[in-house]
Amino acid sequence: QVQLVESGGGLVQAGGSLRLSCAASRVIFSIDAMGWYRQGPGKQRELVAQITSGGTTNYADSVKGRFTISRDNAKNTVYLQMNSLKPEDSAVYYCHALYAGSSYDAWGQGTQVTVSS
């Protein structure tokens, strides 16, 4: 099945930027949509941003205007550009993919993002 490998997490100062990457491997079927979720300590996992195969994007209200999701179809990779980071953005970020006509999905292992004040 499709496997997702994430990179780009780390420690950054408030107001700084990070770019997360998620590369899909073992892709046999077309990927219908990819997205980023996050889960902070004691919080539920929430959708941060998603992008469909047609390029339609959706963002959580808390990140609109600061985060941008994009994709490189040739590389089967999705990115999350995070600007103007705030301490409340600190969380484990997970990549997610829907594929094969949305009959299957896959999750990345998660990457830690920590924003210091």
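Put simply, the side chain of Thr68 reaches to within 4.5 Å of the side chain of Tyr59, judged on heavy atoms. Within the 4.5 Å cutoff, side-chain heavy atoms of Trp36 are placed close to those of Ile69. Using a 4.5 Å heavy-atom cutoff, the side chains of Met34 and Cys22 are in contact. Put simply, the side chain of Phe67 reaches to within 4.5 Å of the side chain of Leu80, judged on heavy atoms. The closest side-chain heavy-atom distance from Leu85 to Leu18 is below 4.5 Å. Residues Arg71 and Ile31 fail the side-chain proximity criterion, which asks for heavy atoms closer than 4.5 Å. For the pair Asp105/His96, a side-chain contact is recorded, criterion being any heavy-atom separation below 4.5 Å from C-beta on. The closest side-chain heavy-atom distance from Leu20 to Val113 is below 4.5 Å.
With a 6.0 Å radius and a threshold of 12 heavy atoms from other residues, nucleotides or ligands, Gln13 has its CD atom at or below the threshold. For Glu88, the CD atom counts as densely surrounded, since its 6.0 Å shell holds more than 12 non-hydrogen atoms of other residues, nucleotides or ligands.
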- Query: side-chain contact (heavy atoms from CB on, under 4.5 Å) between Arg26 and Gln1: does it pass, once the steps are laid out?
  - Reply: CA-CA 6 Å; Arg26 306 183 189 276; Gln1 294 184 332; over 6 Å; no
- Tell me, with the steps shown, if Val63 and Arg38 meet side-chain contact (heavy atoms from CB on, under 4.5 Å). CA-CA 12 Å; Val63 306; Arg38 69 184 181 187; 3.9 Å; yes
- Please assess Tyr93 against Met82 for the test side-chain contact (heavy atoms from CB on, under 4.5 Å), listing each intermediate value before the final yes or no. CA-CA 12 Å; Tyr93 284 71; Met82 304 185 293; 3.9 Å; yes
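No side-chain N or O of Asp72 forms a donor-acceptor pair with one of Thr77 less than 3.5 Å apart. No side-chain donor-acceptor contact under 3.5 Å links Arg45 and Tyr37.
Between the Arg66 side chain and the Ser84 main chain, a donor and an acceptor come within less than 3.5 Å of each other. When atom types are taken as modelled, the side chain of Glu6 and the backbone of Gly110 share a donor-acceptor pair closer than 3.5 angstrom. No donor-acceptor pair under 3.5 Å is formed between the side chain of Arg19 and the backbone N or O of Gly9. The backbone N or O of Ile51 lies less than 3.5 Å from no partner atom in the side chain of Thr57, so there is not a single donor-acceptor pair.
Between Asp89 and Lys86 there is no salt bridge, since none of the side-chain N atoms of the basic residue sits less than 4.0 Å from a carboxylate O of the acidic one.
Residues Gly40 and Ala91 share a closest heavy-atom pair of N-CB, 3.7 Å. Across all their heavy atoms, Ala97 and Leu4 have their closest contact at N-CD1, 3.8 Å. What you find for Ala100 and Asp32 is that their closest heavy atoms are N-OD2, 3.6 Å.
Atom-to-atom distance recorded for Asn76:CG and Ser30:OG is 10.0 Å, nearest 0.5 angstrom. A distance of 9.0 Å separates CD in Gln109 from SG in Cys95, rounded to the nearest 0.5 Å.
Ring-plane geometry between Tyr99 and Tyr104 is classed as parallel, the angle between the planes falling under 30 degrees on a 0 to 90 degree scale with a further cut at 60.
The hydrophobic clustering, which links ILVMFWY residues whose side-chain heavy atoms are closer than 4.5 Å, places Val92 and Leu47 together.
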